[in-house]
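Written out below as C-alpha cells is the structure these notes cover.
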Amino acid sequence: MAEWTECMNFGITIARQASKVILEAFRAKKDVMLKSSPADLVTETDQRVEKMLISRIRERYPTHKFIGEESVAAGEKLELTDSPTWIIDPIDGTVNFVHRFPFVAISIAFAVNKQTEFGIVYSCVEDKMYRAQRGGGAFVNDVPLHTSGQEDITKSLVVTEIGAERDCLALCTMTTNIMNLLAIPIQGIRAVGTAAVDMVLVATGGADAYYHIGMHCWDIAASALIVTEAGGVVLDTDGSEFDMMSRKVIAASSMPVAKRIAQVVRAFPCTRDDEDPARVNNGGHCISSGL
Ligand SMILES: O=P(O)(O)OC[C@@]1(O)O[C@H](CO)[C@@H](O)[C@@H]1O
Ligand SMILES: [Mg+2]
Ligand SMILES: [Mg+2]
C-alpha cells in the first residue's frame, strides 16, 4: 500500500492544478460538442485537462498506462492490463459544467494487476478532495470518511442518475427502477449529475446508496475504492461481485441495503467497457432494443 503513496500524492497535486483550469473555464463561454447522445457532452476543457493530466503523469512515470475518457472517445483502445494504469475522467459532470451547475469532479483511479490501489475524486467547486488507498481508509480533505452503516432500506436516501441515454428502453428502465425503489418505500432519491460525486456521498454517510447503469469505468473506479475504504459495499446491479468494466454498479452503506436494491433494480442491455467498440451502437453507449 505504501508503495503507491507517492503516486497518489502526485495525483492529488495534478488534480488541484487541473481544477484551476476547470474553474477558470467554468465561468467562461463554452463550445459544446456531442458524443453518444444529445445529453452526452464534451468541451475543449475536458480534452485539454485530460491531455494535461496524462502528459504530467507520463513525464514522471513513463512506463505507466492510461485509460482516459476523452482518449477513448477519440479512438484509443480501452484495455486494462496488469501494468500500472491511471483511469481518468477529466471532468465528471460535463453537463453540469456546461450549465454551471456547481458539481464537477476530476476522477483519477490507479490500478496494478487490475486491482485499484488508490482513488482520487476532487469535487472542484466544493473544493473537496476525496481520496483512498487500498487498506488505508478513506478521507475528504484529510478528514476520515465513514458510511452511514444504514441497514434498513426504508430509512435510506438513494442517489442515482438518469444518465445520457435517451432511448425508450433505457429511460423506461431507469424511471421504473426509481418508481419501484420509491414504492418500497425509501426516504428519497437524489441525483447530483456526476457519478463520482454521487458515489462518494455514500462514503460520507450523506447518502445510504448509489446505483447506476451505463456509466463507465473512469466514472466510478476511484469512488468505488473510496466507498469500500469508508466501510461500504460495492456490487454489480445484479448483486454479484463489482466489475468496473460492466457499466453497472450499486454502492451502499451496508450489504442488506445493497442486496435489497439489487432485488429491485433492473438493468438495460449494456456492452462492457472492455468489449470491442465495433459491437457497440451509438458510439459507446448501451445497446437498446429501440422500443
Ligand atoms: O460524461 P461525464 O460528465 O464524464 O460523466 C457524467 C456522468 O457522471 O453522468 C452520467 C450520469 O448522469 C454518468 O453516466 C456519468 O458518469
Ligand atoms: Mg464521467
Ligand atoms: Mg467526463
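Note that the numbering runs from 1 along the sequence shown for the chain. All ligand and atom numbering here is 1-based and tracks the order in the structure. Keep in mind that the numbers below use all heavy atoms, side chains included, and drop hydrogens, waters and symmetry copies.
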Under 4.0 Å between heavy atoms, the region of Asp89 that gets near ligand 1 turns out to be side chain
Ranked by distance from atom 9 (O) of ligand 1, the top protein heavy atom is Gly193 O, 3.9 Å
Would you say Asn113's side chain and Gln115's backbone share a donor-acceptor pair under 3.5 angstrom?
no
Answer yes or no for Ile91: is there an N/O/S atom below the 2.8 Å cut-off from the Mg ion (ligand 3)? yes
Tell me, please, if Glu70 has any N/O/S atom, main chain or side chain, under 2.8 Å from the Mg ion (ligand 3)?
no
Under 4.0 Å from one or more heavy atoms of Met215, ligand 1 contributes atoms 14 (O), 16 (O)
If you count every heavy atom of other residues, nucleotides or ligands that lies below 6.0 Å from Arg48 atom CZ, does the total exceed 12?
no
Measure up the Trp218 and His216 rings against each other and bin them: parallel (under 30°), tilted (30 to 60°), perpendicular (over 60°). parallel
### Query
Just by modelled atom types, is the Arg266 backbone N or O under 3.5 Å from a matching donor or acceptor in the Asn177 side chain?
yes
For Thr94, the ligand 1 atoms with a heavy-atom partner under 4.0 Å come out as 3 (O)
Under 4.0 Å from one or more heavy atoms of His212, ligand 1 contributes atoms 11 (C), 13 (C), 14 (O)
In terms of its nearest heavy atom to atom 5 (O) of ligand 1, the top option of Asp92, Val104, Val95, Val192 is Asp92
Check: Can Arg16 be said to sit on top of Tyr122's aromatic six-ring, NZ or CZ under 6.0 Å from centre and within 45° of the ring axis?
Finding: yes
For OD2 in Asp89 and OD1 in Asp219, the angle at the Mg ion (ligand 2) (nearest 10°) is 90°
Check: Donor-acceptor pair, Lys259 side chain versus Gly239 backbone, under 3.5 Å?
Finding: yes
Next item on the list: Please verify whether a non-hydrogen atom of His216 lies at under 4.0 Å from ligand 1.
Entry: no
A student checking ligand 1 against Asp219 at a 4.0 Å heavy-atom cut-off should list atoms 4 (O), 5 (O), 15 (C), 16 (O)
Note: ligand 1 atoms sitting under 4.0 Å from heavy atoms of Ala195 are 8 (O), 16 (O)
Of Met174, Glu161, Arg247, Met199, the residue with the heavy atom nearest atom 12 (O) of ligand 1 is Glu161
Check your understanding: Polar-atom distance check: Ile91 versus ligand 1, any N or O pair below 3.5 Å?
Key -> yes
Which atom of Glu69 is nearest the Mg ion (ligand 3), counting N, O or S only? It is OE1
* Under 3.5 Å, is there a donor-acceptor pair between the side chain of Thr228 and the main chain of Ala224? -> yes
Thr194 heavy atoms within 4.0 Å reach ligand 1 at atoms 8 (O)
Is the closest N or O pair between Ile162 and ligand 1 shorter than 3.5 Å? no
Problem - Whether Phe97 and Phe26 hold their rings parallel, tilted or perpendicular, with breakpoints at 30° and 60° - result: tilted
*With no hydrogens and no angle check, is any side-chain donor or acceptor of Glu50 less than 3.5 Å from a backbone partner on Glu69?*
yes
Between Tyr61 and His64, how do the two ring planes meet: parallel, tilted or perpendicular, split at 30° and 60°?
-> parallel
Handout entry: Proximity flag Ala164 to ligand 1, non-hydrogen atoms under 4.0 Å
Key = no
Closest to the Mg ion (ligand 2), among the N/O/S atoms of Asp92, is atom OD1
When distances are taken from atom 10 (C) of ligand 1, the protein heavy atom at minimum range is Gly163 CA, 4.1 Å
- Query: Backbone N or O of Glu117 within a donor-acceptor pair of the Arg134 side chain at under 3.5 Å?
  - Reply: no
The residue among Ile261, Val158, Ile153 that forms side-chain contact (heavy atoms from CB on, under 4.5 Å) with Ile184 is Ile153
For the backbone of Ala195 and the side chain of Asp92, can you confirm whether one donor and one acceptor N or O come within less than 3.5 Å of each other? yes
Counting heavy atoms under 4.0 Å, the part of Glu69 that contacts ligand 1 is side chain
